[in-house]
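First comes the structure, then the notes that go with it.
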Amino acid sequence: MNMNPRHFTSLLDLSSEEFRHIIHRAIELKNNRDPNYQPLKGRVLAMIFEKSSTRTRISFEAGMVHFGGSALFLSPRDTQLGRGESMHDSAKVISSMVDCIMLRTDKHETVTTFAQYSSVPVINGLTDKQHPCQLLADMQTYFEFRGDIRGKTVAWIGDGNNMCHSYLQAAKMLDFTLHIACPAQYQPLPEFVSDAGKHVKFFDSALAAAKNADLCVTDVWASMGQEEEQKQRELAFKHYQINAEIMSSANHDALFMHCLPAHRGEEVTAEVIDGLQSVIYAEAENRLHVQKALLEFLLSI
Ligand code: CP
Ligand code: NVA
């Protein structure tokens, strides 16, 4: 047992060099799949999901199996966490039995509290504030298609949500510029904006934000837990859809990404998300490869 485990509650738990290392290692693992390479043989990942998931659950579970280990799916409904057992006790007990813990939670503080009391690495599988695993996959995808993202321009159009916050952190760490166009009442939180410093620029319109972009990214208008706001958000975001006009304002070889699940006809048109510039399926698949690289990194320290 390591009393000072490395956690991944946020991209900021990595250095810029480590971020780039994980991306390159993910590309290597993807291109040279060796079934005999099982660095996590006999190791166990506990996965706690307070919210739904397709990609996160399957990629972590499959990744652990590829590496010779296994993963446990735990929902708060079926564990004592759902009946109010403290996070302090839960983190201490669960981490005494497994080698790594992944959590997808409503509150970001749940993940950081777990990390505080866990004796094994804790991974953020999405919170209300951040989605760092998705950024690892998005950046791997950009590197694969276009090379290093340093000096490039990324346009974030839509909600200033958990994905947007993680893009703000990635912009500073990997040295790209993030153009943001969000409705006034759905801006990213000020602390994420100020930390990004000169790497972020705000625009009044989606068209202006996309100008000269190398990558255009969006996400659902109503995230998990905001379903009741769907109608009011549809009104607020109606001018923040990525469509063919927006893509034509970006560079001619710009890519389109979306963490998925997507709502065609809302934040993005079918023409764009199913079009030639879209790399959404590589992006989703890369969750598997990059999280294997992350697990290898965290568990081999
Ligand atoms: N992008 C993403 O995290 O997908 P899931 O919600 O399906 O895990
Ligand atoms: N912003 C979305 C991302 C889903 C992967 C949400 O939090 O629901």
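Owing to the predicted nature of the structure, the values given are computational and were not obtained by experimental measurement. Indexing begins at 1, ligand by ligand and atom by atom, following the structure's order.
Atom numbering of ligand 2 starts at 1 in the shown order; those under 4.0 Å from a heavy atom of Ser223 are 1 (N), 2 (C), 6 (C), 7 (O), 8 (O). Close contacts between ligand 1 and Leu260 involve ligand atoms 1 (N), 2 (C), 4 (O) [criterion: under 4.0 Å to a heavy atom]. Remark: ligand 1 atoms within the under-4.0 Å shell around heavy atoms of Arg287 are 1 (N), 2 (C), 3 (O). Atom numbering of ligand 1 starts at 1 in the shown order; those under 4.0 Å from a heavy atom of Cys259 are 1 (N). The atoms of ligand 1 that sit less than 4.0 Å from any heavy atom of Thr54 are 5 (P), 7 (O), 8 (O). Contact atoms of ligand 2 toward Asn161: 1 (N) (distance under 4.0 Å to a heavy atom of the residue). Of all atoms in ligand 2, listed by their number and element, those nearer than 4.0 Å to a heavy atom of Leu260 are 5 (C).
Atom 8 (O) of ligand 2 has as its closest protein heavy atom Met224 N, 2.8 Å. For atom 4 (O) of ligand 1, the closest heavy atom belonging to the protein is Arg55 NE, 2.8 Å. Counting only heavy atoms of the protein, atom 3 (C) of ligand 2 lies nearest to Asp219 OD2, 3.6 Å. Protein heavy atom in closest approach to atom 6 (O) of ligand 1: Arg104 NH1, 2.8 Å. For atom 4 (C) of ligand 2, the closest non-hydrogen atom on the protein side is Leu126 CD1, 3.8 Å. The single protein non-hydrogen atom nearest to atom 7 (O) of ligand 2 is Asn162 ND2, 2.9 Å, given as residue, atom name and distance.
Between Lys51 and ligand 2, no pair of N/O atoms sits closer than 3.5 Å. Distances between N or O atoms of His131 and those of ligand 2 include no value under 3.5 Å.
When the shell of 6.0 Å around NZ of Lys201 is examined, it contains 12 or fewer heavy atoms from other residues, nucleotides or ligands. Shown here is Asp78, whose CG atom has more than 12 heavy atoms of other residues, nucleotides or ligands within 6.0 Å. More than 12 heavy-atom neighbours from other residues, nucleotides or ligands sit within 6.0 angstrom of CZ on Arg33.
Among Gln232, Gln226, Arg233, the single residue meeting the side-chain hydrogen bond (donor to acceptor under 3.5 Å, both in side chains) criterion with Glu229 is Arg233.
Distances from ligand 2 to the non-hydrogen atoms of Asp128 include no value under 4.0 Å. Under a 4.0 angstrom heavy-atom cut-off, His131 registers as being in contact with ligand 1.
Taking the charged nitrogens against the carboxylate oxygens, Asp106 and Lys51 do have a contact shorter than 4.0 Å, which makes a salt bridge.
By the 30° and 60° cut-offs, the orientation of the rings of Phe237 relative to Tyr240 is perpendicular. Using a 30° and 60° split on the angle between ring planes, His88 and Tyr117 fall in the perpendicular class, above 60°. The aromatic rings of Trp156 and Tyr167 sit tilted, their planes meeting at an angle between 30° and 60°.
Follow the hydrophobic side-chain contacts under 4.5 Å out from Ile123 and you reach Val290 in the same cluster.
Relative to the six-membered ring of Phe73, Arg57 meets both conditions, a distance below 6.0 Å and an angle of at most 45° to the axis.
Between Phe143 and His24, a ring centre-to-centre spacing shorter than 6.0 Å is recorded.
Using a 4.0 Å cut-off between heavy atoms, Leu126 makes no contact with ligand 1 at all. Of all the heavy atoms of Arg57, none lies under 4.0 Å from any atom of ligand 1, so neither backbone nor side chain is involved.
Rounded to the nearest 0.5 Å, atoms CZ (Phe114) and CG (Leu103) are 5.5 Å apart.
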